[in-house]
Protein chains: 2
Amino acid sequence: MAMNLARSVEPRSEGLVDALREAILTGRYAPGTRLVQDDLAEAFGMSRIPLREALRRLEGEGLVVISPNRGAIVRPLAPKDVVDLYDLRLALEALALRRASERYADLRASTKARHAQARQAIAARNLTKLFRLDRDFHADIAAASDNPHLVAALGAQWSQIMRVMHAYFQAGDYPVDTWDDHEAIADAVAHGEADLAVERMSAHLTGSRDRILASLRAHGDRP
Amino acid sequence: MAMNLARSVEPRSEGLVDALREAILTGRYAPGTRLVQDDLAEAFGMSRIPLREALRRLEGEGLVVISPNRGAIVRPLAPKDVVDLYDLRLALEALALRRASERYADLRASTKARHAQARQAIAARNLTKLFRLDRDFHADIAAASDNPHLVAALGAQWSQIMRVMHAYFQAGDYPVDTWDDHEAIADAVAHGEADLAVERMSAHLTGSRDRILASLRAHGDRP
DNA sequence: CCGGTCTAGATTGTATACAATTTTATGATG
DNA sequence: CATCATAAAATTGTATACAATCTAGACCGG
């Protein structure tokens, strides 16, 4: 019986993947960083076996590059990646918006709630929270598309863009009109106006991208 | 000084990933199949350590699902996946076509060459070769987009769709007008007519998808 | 016959140990 | 000083062994 409410203890490598991914997305392990197995294994208190499996997992996700006999590094990022990623992202977000609009998905309430939270987070200079709120909006749209494969593709994109932001952003750079944009997009979706929603998303993403590229040029091209 | 022309012997797990992926894409390991580590390790003549790493890699690619303490299975496929995958794929292919059209990428020669090869492959009933020729066309468009992230996304899609085709196709079902479609699309791209290319691609993919869905309904819903 | 418990077998998870390879340090040589 | 050869150290790759967990079947009371 004892029906395992605590859920069988997950294998070491499970939580490890999440911890490593988190560290990579937030830039604690910056692009290009060498991931030495002995060091990481000691840092996480386990042997290299589960660690290596976690690295392979992340390799499959595109966050890590592994060269035979030479080890793993956090996948590097170049300015062109920013352009390419946003180009791809817009195509994915547009599809998600169209599918969400078809069913008049109403994300207005949750979007508004996040807007309020964002104000607090801005006041508290809580950048981590801002990232999470931003992600939640886009994740909601993805979920509303009712297409798990699209959700996965957008998730992969988000990971890369998160890395870009952490690599090229300074805390102050977070655009304040993000949350107004979100509300405008949610409005369009709720009214089934897909084209309008896509147009607004396009402006939103272009602005975000250009801000990253500008801050990149300002702070030096050598990230 | 013996400069390693033979390229350092790649680690066991490298070739293994390719071999496993191949087996999954061609349906030799059908969707839902349990991947028992001991069996696979023996089959490939190695210990479970490199094998497990290969499975993690494929998990990251979305080809395999691993449950803690219960093992890995080939990721299942449902009819809805076919719809979702093609929906996503069209968005990706459309983006690739637009970028390729911007630079008037001329894929007409290689496309025509493949058309000729396809005729031979059809005569020889070489289904594997047909798949490869089909993939090459779409890979060429992806490459012409000059966006590695888009290439990766399309590659992931192609993997899943390959699985679908092998799961739901009979040898005879390969649509013969595929190669005419390809030539028409390449023409449009070479003339920079992106909208036309996308329209043709849309028709091409819709036809392909519907043929899969039909053959699915015909041969029973229990793949 | 049904549902539940228990144990044996099968299977996965990981630490240890060692082999293979690459990188770094060293010194010899021109 | 630059360049190459060589040895030592660091690091990755994998087999073995064993612990942890799950699965299947035997058994039993109802």
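By convention in this document, chain letters (A, B, ...) are assigned in the order of the sequence lines, proteins followed by strands, and residues within each chain are numbered from 1.
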From CE of A:Met46 over to P of C:dA15, roughly how many Å is that when rounded to an integer?
7 Å

Compare every heavy atom of B:Leu58 with every heavy atom of B:Arg21, then report the nearest pair and how far apart it is.
CB-CD2, 4.1 Å

For the pair made of CG in B:Leu16 and P in D:dG13, what is the distance, rounded to whole Å?
14 Å

What is the separation between atom CZ on B:Arg52 and atom P on D:dG13, rounded to the nearest whole Å?
17 Å

In terms of side-chain geometry, is the basic nitrogen of A:Asp140 or A:Arg114 positioned less than 4.0 Å from the acidic oxygen of its partner?
yes

With side chain to side chain donor-acceptor pair (under 3.5 Å) as the test, pick out the partner of A:Glu93 among A:Arg98, A:His204, A:His138.
A:His138

Looking at every non-hydrogen atom in both residues, tell me the closest pair between B:Ala72 and B:Ile66 and how far apart they are.
CB-CG1, 3.8 Å

Estimate the overall bend of the helix from C:dC1-D:dG30 to C:dG30-D:dC1 from the end axes over five pairs each, rounded to 10 degrees.
10°

On a heavy-atom basis, which atom in A:Gln157 and which in A:Leu88 lie closest, and how many Å separate them?
NE2-CD2, 3.2 Å

To the nearest Å, give me how far apart CG (A:Leu40) and P (C:dT14) are.
16 Å

For A:Phe131 and A:Tyr174, take the angle between the two ring planes, folded into 0 to 90°, and tell me which bin it lands in: parallel under 30, tilted 30 to 60, perpendicular over 60.
perpendicular

Comparing B:Gln37 and B:Ile49 on DNA chain C - which has the more 5′ nearest nucleotide:
B:Gln37

Measure CG/A:Leu51 against P/D:dT12 and give the value in whole Å, please.
9 Å

Under 4.0 angstrom, heavy atoms only, what part of the nucleic acid is B:Leu35 near: base, sugar-phosphate, or nothing?
sugar-phosphate

Please evaluate the base of D:dG13 for a donor-acceptor partner in the side chain of A:Arg48 within a cut-off of under 3.5 Å?
yes

A:Arg70 vs D:dT11: side-chain N/O to OP1/OP2 distance below 4.0 Å:
no

Candidates C:dT11, D:dT12, C:dT14 - which lies nearest the side chain of B:Arg34
C:dT11

Hey, are A:Tyr86 and A:Ser208 close enough side-chain-wise for a donor-acceptor pair under 3.5 Å?
yes

Quick one: which of D:dT14, D:dC22, C:dT14 gets closest to the side chain of A:Ser47?
C:dT14

Figure out the CD1/C1' separation between A:Ile66 and C:dT22, and round it to whole Å.
16 Å

Can you figure out which of C:dA15, D:dT14, D:dC22 approaches the side chain of A:Pro50 most closely?
C:dA15

Nearest whole Å is fine: how far is D:dA20 P from B:Asn69 CG?
12 Å

Rounded to whole angstroms, how far apart are CG on B:Leu55 and P on C:dT12?
9 Å

